[in-house]
Undergrad: 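The structure's right below; bear with me while I get my questions together.
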Amino acid sequence: MTQYLLAIDQGTTSSRAILYTLDMTVVSTAQEEFRQHFPRNGWVEHDPEDIWDTVLRSCRTVLSKNNVDADQVSTIGITNQRETTLVWDRHTGQPVYNAIVWQDRRTADICRQLHNDGLEDTCQQKTGLLLDPYFSGTKVKWILDNVAGARQKAEQGDLLFGTVDTFLLWRMTKGEVHATDATNASRTLLFDIHNQRWSTTMMRELGVPASMLPEVKDSAADFGICAAEWLGADIPVCSMIGDQQAALVGQACFEPGMLKSTYGTGCFAVVNTGTEAITSQHRLLTTVGYRLKGETTYALEGSIFMAGAIIQWLRDGLGIIDKADDTEELAQSIRHDQSEIMVPAFTGLGAPYWDPDARAAIFGMTRDTGVAQMVAAAIRSVAFQTEDLLQAMVQDGIEVKSLRVDGGMVRNRWFLQTLADLTGVSTVTSNTAETTAQGAALLAALHQGHFDSIQDLNKVWRVEEKYSPSIRQADRERLYQRWQSAVAKVQSS
Ligand SMILES: Nc1ncnc2c1ncn2[C@@H]1O[C@H](COP(=O)(O)OP(=O)(O)O)[C@@H](O)[C@H]1O
Ligand SMILES: O=P(O)(O)OC[C@H](O)CO
C-alpha cells in the first residue's frame with residue numbers, strides 16, 4: 001500500500017495541506033484563505049475556529065481529491081505562523097479571546113513599560129528576542145489583563161496558552177496533548193533559549209503562570225495522535241516547527257552561514273549559526289533554528305513586517321492593481337534610477353530598526369509617478385529592507401554568499417532580479433515552491449526513519465533559478481544611500 005506524508009502549513013493569510021510520497025515528491029496541495037480581523041488601528045486577530053476549520057478542510061480536501069485514505073498517511077508534520085497567541089479553557093477547549101496575530105501592535109505600551117523597568121538586556125540574554133509587540137509574551141499578558149475573569153482562571157490552572165501549532169495539536173489530539181517545539185517556544189519571550197526551559201524570570205515579569213505553558217519538545221518527536229474523528233484514521237504527528245525555521249530546513253540550510261529568506265506577508269531572513277547562539281550587536285533576533293535529538297541548532301533572524309503585504313495594500317487598500325501577479329509586468333517598465341522610494345513602515349519598522357512608531361512614506365514623486373512607479377517602489381522597498389538585514393548580518397560576522405528565497409513574492413521575477421541587484425548577492429530559488437511545508441514533512445519523515453539524517457534533504461533540494469547582480473557597485477551604493485536617508489526621515493526618534 002502506498003504511503004504518504006501530510007504537511008500542514010498554517011500561515012497568516014491561509015491554511016495549506018500538502019501531500020507527499022515518502023521520497024518527498026509533492027502529490028498535491030489544498031489551500032484555503034481565511035478572514036483577517038482588524039478591530040482597531042494596529043490590532044490584527046484571527047478567529048481560532050477559522051484556523052481550525054481551514055486546516056481540517058484543507059487536509060480532507062487534499063486526501064479526497066487524490067483518493068488517499070487516512071490510513072495510508074504515515075505521519076503529519078505541522079508548521080505554522082509563529083508568535084500568534086491563543087489562550088483557551090483547559091476543560092472546554094474554548095478560546096477565551098480571538099488569536100492575537102504576530103502583526104498586532106496593541107502591546108506597544110506594555111513593551112515600553114518593560115523597557116523602562118530595565119528588562120531589555122535580561123530579555124535579550126535569556127530569550128534572544130527584543131521587547132517588541134511582535135512576540136507572544138506581551139500578548140498573553142494582554143489577554144489575562146483584559147478578558148474578564150481570565151487572570152483568575154489562569155492562576156487557578158484553568159487556562160492554557162499556545163501558539164498555533166500547540167492549539168492545532170490540542171484540537172487534533174482532542175485535548176490529550178499540550179505541547180510545542182523549541183522553535184515555536186523560542187518566539188514567545190518566555191523561553192530561555194540557552195537552557196531550553198521556560199524562563200521563570202520572564203514568566204514573573206509578564207505575569208504568566210507556569211501551568212499555562214506547553215511542554216517543549218524537539219522539532220521532530222512523538223507529539224501525539226491526530227484522532228480518527230478528524231481525517232478518518234489515527235495518524236501520528238511527528239513534527240512541529242515554526243514556519244520560518246521550517247523553511248530553513250526545507251531550503252536545506254544545514255551548515256552555519258547558510259541563509260534563506262522568505263517573502264510572504266512579511267519577510268524573514270534566517271541564517272544558520274550552528275550550535276552557537278550568537279547575540280547580535282545589530283538588533284537581529286537569536287532564535288532556535290531546529291532542535292533534533294536534544295541538540296539545538298541556533299539561527300539569527302531578521303524579521304520585516306511588510307513584504308507581500310505591501311502588494312496586498314496596493315490591491316485591496318488603494319485598489320490600483322487587480323492582482324498581485326500583475327505587478328511583475330507593471331514594474332518591468334521602470335528603471336532602477338527612477339526616483340520614487342517607498343518606506344513601508346505601515347506598522348512601524350522591524351529589524352534592524354525596531355521602531356513601532358515609524359510610519360510609511362513615499363519620497364521623490366513627480367508628475368510621472370503612476371501605478372507602475374508605485375508598484376516598482378513597493379517591490380524595491382522589500383529588496384532594500386533585505387539589504388538592511390544582510391548588512392546587519394555581515395556586521396555580526398556572518399558572510400552571506402547567496403540568498404535562498406521562497407514565499408509568494410518569488411513568483412515575481414522582477415523582484416528576484418531587483419533583489420540580486422540591490423543586495424549584490426545572487427538570488428536562488430529551489431525546485432519546490434513549498435519549502436516551508438517541505439521542512440515540516442522532512443522532519444516528520446526523519447522521525448519515522450524514512451530518512452537517515454536531516455542532511456538527506458540535500459538529495460531533494462535543487463537550484464531552480466539563479467539571478468546574479470546586474471548593476472554596478474557604485475549604482476547600488478547610491479541607491480542604498482537614498483533608501484537609508486528615506487528611512488531616517490520616517491523614524492520616530
Ligand atoms: N506575483 C507576485 N508579485 C509580488 N507579490 C506577490 C505575487 N504573488 C503573491 N504575492 C504576495 O505574496 C504574499 C503571499 O505569500 P504567501 O507565502 O502565501 O504568504 P503567507 O504565508 O504570509 O500567507 C501576498 O502578500 C502577496 O501579495
Ligand atoms: O504566515 P507567514 O508565512 O506570513 O509567517 C509568519 C511568521 O511566522 C511570523 O513570525
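Remember, it's 1-based here, ligands and their atoms both numbered in the order they're listed.
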Undergrad: Just need the protein heavy atom nearest to atom 20 (P) of ligand 1, so name the residue and atom and give the distance.
TA: Thr265 OG1, 3.6 Å
Undergrad: Around atom 1 (N) of ligand 1, find the nearest protein heavy atom and jot down its residue, atom name and distance.
TA: Asp325 OD1, 3.0 Å
Undergrad: Kindly identify the option in Asp316, Ile310, Thr327, Ile311 whose heavy atom sits closest to atom 3 (N) of ligand 1.
TA: Thr327
Undergrad: In ligand 1, which numbered atoms sit nearer than 4.0 Å to a non-hydrogen atom of Arg16?
TA: 18 (O), 21 (O)
Undergrad: Do me a favour and list the nearest non-hydrogen protein atom to atom 2 (C) of ligand 1 with residue, atom name and distance?
TA: Ala324 O, 3.5 Å
Undergrad: Say whether Tyr263, considering both its backbone and side-chain N or O atoms, lies within less than 3.5 Å of an N or O atom on ligand 1.
TA: no
Undergrad: Among protein heavy atoms, which lies nearest atom 26 (C) of ligand 1, and at what distance?
TA: Gly308 O, 3.9 Å
Undergrad: Which of the atoms in ligand 1, numbered in the order shown and given with their element, are less than 4.0 Å from a heavy-atom of Gln312?
TA: 24 (C), 25 (O), 27 (O)
Undergrad: Please output the residues near ligand 2 using a strict heavy-atom distance under 4.0 Å, listed in chain and residue-number order.
TA: Gly11, Thr12, Gln81, Arg82, Glu83, Trp102, Tyr134, Asp243, Gln244, Thr265, Phe268
Undergrad: What pairs with Tyr20 under ring-ring contact (aromatic ring centres under 6.0 Å, His included), at least two apart in sequence or on another chain?
TA: none
Undergrad: Would you check if the distance from the ring center of Tyr134 to the ring center of Phe305 is below 6.0 Å?
TA: yes
Undergrad: Decide, yes or no, whether a salt bridge links Asp325 with Arg315 under the criterion of side-chain N to carboxylate O below 4.0 Å.
TA: no
Undergrad: Where is the nearest protein heavy atom to atom 5 (N) of ligand 1: which residue, which atom, and how far?
TA: Met409 CG, 3.3 Å
Undergrad: May I ask you to check whether Trp43 and Trp142 place their ring centers less than 6.0 Å from one another?
TA: yes
Undergrad: Should Gly408 be counted as touching ligand 1, given the test is an N or O pair under 3.5 Å?
TA: yes
Undergrad: Which residue in the set Arg35, Arg106, Lys139 passes salt bridge (charged side-chain N to carboxylate O under 4.0 Å, His left out) when paired with Glu45?
TA: Arg106
Undergrad: Counting only nitrogen or oxygen atoms and a 3.5 angstrom limit, does Thr13 reach ligand 1?
TA: yes
Undergrad: Under 6.0 Å between ring centres, would you say that holds for Tyr97 and Trp88?
TA: no
